[in-house]
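Positions are given from 1 along the sequence. The structure displayed is predicted, hence computed values, not measured ones.
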Amino acid sequence: MQQPRLQTCYIETPLGHAKISGNEDGIVSISIIDTLEDLTNPIPEPLLDGVTQLKEYFYGNRSVFNLKLNPKGTIFQKKVWNALANIPFGKTISYLQLSKQLGDTKAIRAVASANGKNPLWIIIPCHRVIGSDGSLTGYAGGLYRKQWLLNHESEHKQQSLF
């Protein structure tokens, strides 16, 4: 049986254009891109819920996603991504804490690597993982985007002076 054809759309977010790919089997990937692609209109049906829920998130009206997901990865990566999905909105966890949750503190580098390969930007909240000292550490979309997302989810929003 042939897999349904992957469909892609581009939407605008406060952090740049996002690329969303998926099909009837679920959303495969959501990523922030640094190129300006033509925005997709109309949005393909299998991606419509994902686009709607992302927009609700950015408008501050959604803290939990309810989407059919179909990320591609190894068994270990999927185990890490499942753990990431359980980090509550507005909370952070360190890579070490995440490794402990997964049962092996020595796997911290493998956990960090799987975190970095997360194909579902925001939906699987890899931005909620920080260094043990509270520092922002690597983020595929750039640390300024990670900081923006953490501020967006914070109960106490940081006000800009300028």
Side-chain angles (χ1 to χ4, degrees), residues 1-93 95 97-99 101-104 107-130 137-143 145-146 148-153:
M1 187 167 120
Q2 192 173 12
Q3 296 262 343
R5 186 176 66 85
L6 207 59
Q7 295 183 292
T8 298
C9 73
Y10 297 91
I11 64 168
E12 191 168 0
T13 77
L15 296 173
H17 286 183
K19 177 182 177 182
I20 304 171
S21 299
N23 55 31
E24 292 79 24
D25 293 336
I27 295 177
V28 172
S29 68
I30 300 174
S31 58
I32 189 74
I33 56 174
D34 287 321
T35 58
L36 293 179
E37 298 292 333
D38 289 336
L39 301 179
T40 305
N41 192 14
I43 303 296
E45 181 64 32
L47 307 178
L48 202 48
D49 277 348
V51 169
T52 299
Q53 290 188 34
L54 274 174
K55 286 182 178 182
E56 291 170 349
Y57 168 86
F58 282 115
Y59 286 129
N61 298 326
R62 177 172 291 278
S63 59
V64 176
F65 294 94
N66 181 20
L67 295 168
K68 186 176 182 182
L69 304 176
N70 190 17
K72 305 299 180 207
T74 67
I75 292 169
F76 179 77
Q77 287 171 334
K78 289 179 180 183
K79 182 178 174 183
V80 172
W81 300 339
N82 284 334
L84 292 171
N86 290 316
I87 303 170
F89 182 87
K91 303 293 182 194
T92 57
I93 188 173
Y95 288 99
Q97 289 171 306
L98 186 57
S99 296
Q101 268 186 16
L102 293 166
D104 187 358
I108 191 167
R109 288 180 191 248
V111 167
S113 176
N115 189 52
K117 290 181 173 69
N118 169 20
L120 290 162
W121 180 62
I122 297 178
I123 307 300
I124 296 176
C126 58
H127 60 277
R128 296 180 190 154
V129 183
I130 59 174
T137 55
Y139 186 66
L143 290 181
R145 287 185 176 121
K146 183 173 189 166
W148 190 97
L149 291 167
L150 293 174
N151 287 345
H152 177 68
E153 294 181 3

Whether [X] side chain and [Y] backbone form a donor-acceptor pair below 3.5 Å:
X: Lys146; Y: Thr137; result: yes
X: His127; Y: Trp148; result: no
X: Ser99; Y: Tyr95; result: yes

Specify the closest pair of heavy atoms between [X] and [Y], including all atoms of both residues, with the distance to one decimal.
X: Phe89; Y: Arg62; result: CE1-O, 4.1 Å
X: Ala83; Y: Leu98; result: CB-CD1, 3.7 Å
X: Ala114; Y: Trp81; result: O-NE1, 2.8 Å
X: Ser63; Y: Arg128; result: O-NH2, 4.5 Å
X: Thr40; Y: Pro42; result: CG2-O, 3.4 Å

Nearest 0.5 Å, what's the [atom1]-[atom2] distance between [X] and [Y]?
X: Glu56; Y: Leu54; atom1: CD; atom2: CG; answer: 9.5 Å
X: Leu150; Y: Tyr139; atom1: CG; atom2: OH; answer: 8.5 Å
X: Tyr57; Y: Leu149; atom1: OH; atom2: CG; answer: 4.5 Å
X: Lys79; Y: Leu84; atom1: NZ; atom2: CG; answer: 13.0 Å
X: Leu67; Y: Leu47; atom1: CG; atom2: CG; answer: 10.5 Å
X: Ile108; Y: Leu102; atom1: CD1; atom2: CG; answer: 11.0 Å

Counting only heavy atoms not in Asn61 (residues, nucleotides, ligands), do more than 12 fall under 6.0 Å from its CG?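 It does: Asn61 CG has more than 12 such atoms within range.
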Is it true that atom NZ of Lys78 has more than 12 heavy atoms of other residues, nucleotides or ligands lying nearer than 6.0 Å?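 Buried by this count: over 12 neighbours within 6.0 Å.
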Tell me, with the steps shown, if Asn66 and Asp49 meet side chain to side chain contact (heavy atoms under 4.5 Å, CB included). CA-CA 9 Å; Asn66 181 20; Asp49 277 348; over 6 Å; no
If you define the side chain from C-beta out and look only at heavy atoms, does anything of Ile93 sit under 4.5 Å from Gln101?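 A side-chain contact exists here, since the closest heavy-atom pair is under 4.5 Å.
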Decide yes or no for Asp104 and Val111: does some side-chain heavy atom of the first lie under 4.5 Å from some side-chain heavy atom of the second?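 No, too far: nothing below the 4.5 Å cut-off.
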Only pairs under 3.5 Å count here: list side-chain donor-acceptor contacts from residues 12-28, not counting sequence neighbours, and write none if there are none.
unit_1: Thr13; atom_1: OG1; unit_2: Leu15; atom_2: N; d: 3.0
unit_1: Thr13; atom_1: OG1; unit_2: Gly16; atom_2: N; d: 3.3
unit_1: Thr13; atom_1: OG1; unit_2: Gly16; atom_2: O; d: 2.6
unit_1: His17; atom_1: ND1; unit_2: Glu37; atom_2: N; d: 3.2
unit_1: His17; atom_1: ND1; unit_2: Glu37; atom_2: O; d: 3.2
unit_1: Ser21; atom_1: OG; unit_2: Thr8; atom_2: OG1; d: 3.0
unit_1: Asn23; atom_1: OD1; unit_2: Asp25; atom_2: N; d: 2.8
unit_1: Asn23; atom_1: ND2; unit_2: Pro4; atom_2: O; d: 2.9

Can you sort out the partners of Asn118 under side-chain hydrogen bond (donor to acceptor under 3.5 Å, both in side chains), two or more places apart, ordered by chain and number?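 If we apply the side-chain hydrogen bond (donor to acceptor under 3.5 Å, both in side chains) test to Asn118, skipping adjacent residues, there are no hits.
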Show your reasoning for whether side chain to side chain contact (heavy atoms under 4.5 Å, CB included) applies to Trp121 and Ile33. CA-CA 11 Å; Trp121 180 62; Ile33 56 174; over 6 Å; no
With side chain to side chain contact (heavy atoms under 4.5 Å, CB included) as the test, would you mind laying out the steps for Ile30 and Ile124 before giving the verdict? CA-CA 10 Å; Ile30 300 174; Ile124 296 176; over 6 Å; no
Apply side chain to side chain contact (heavy atoms under 4.5 Å, CB included) to Ile122 and Ile32, showing your working. CA-CA 10 Å; Ile122 297 178; Ile32 189 74; over 6 Å; no
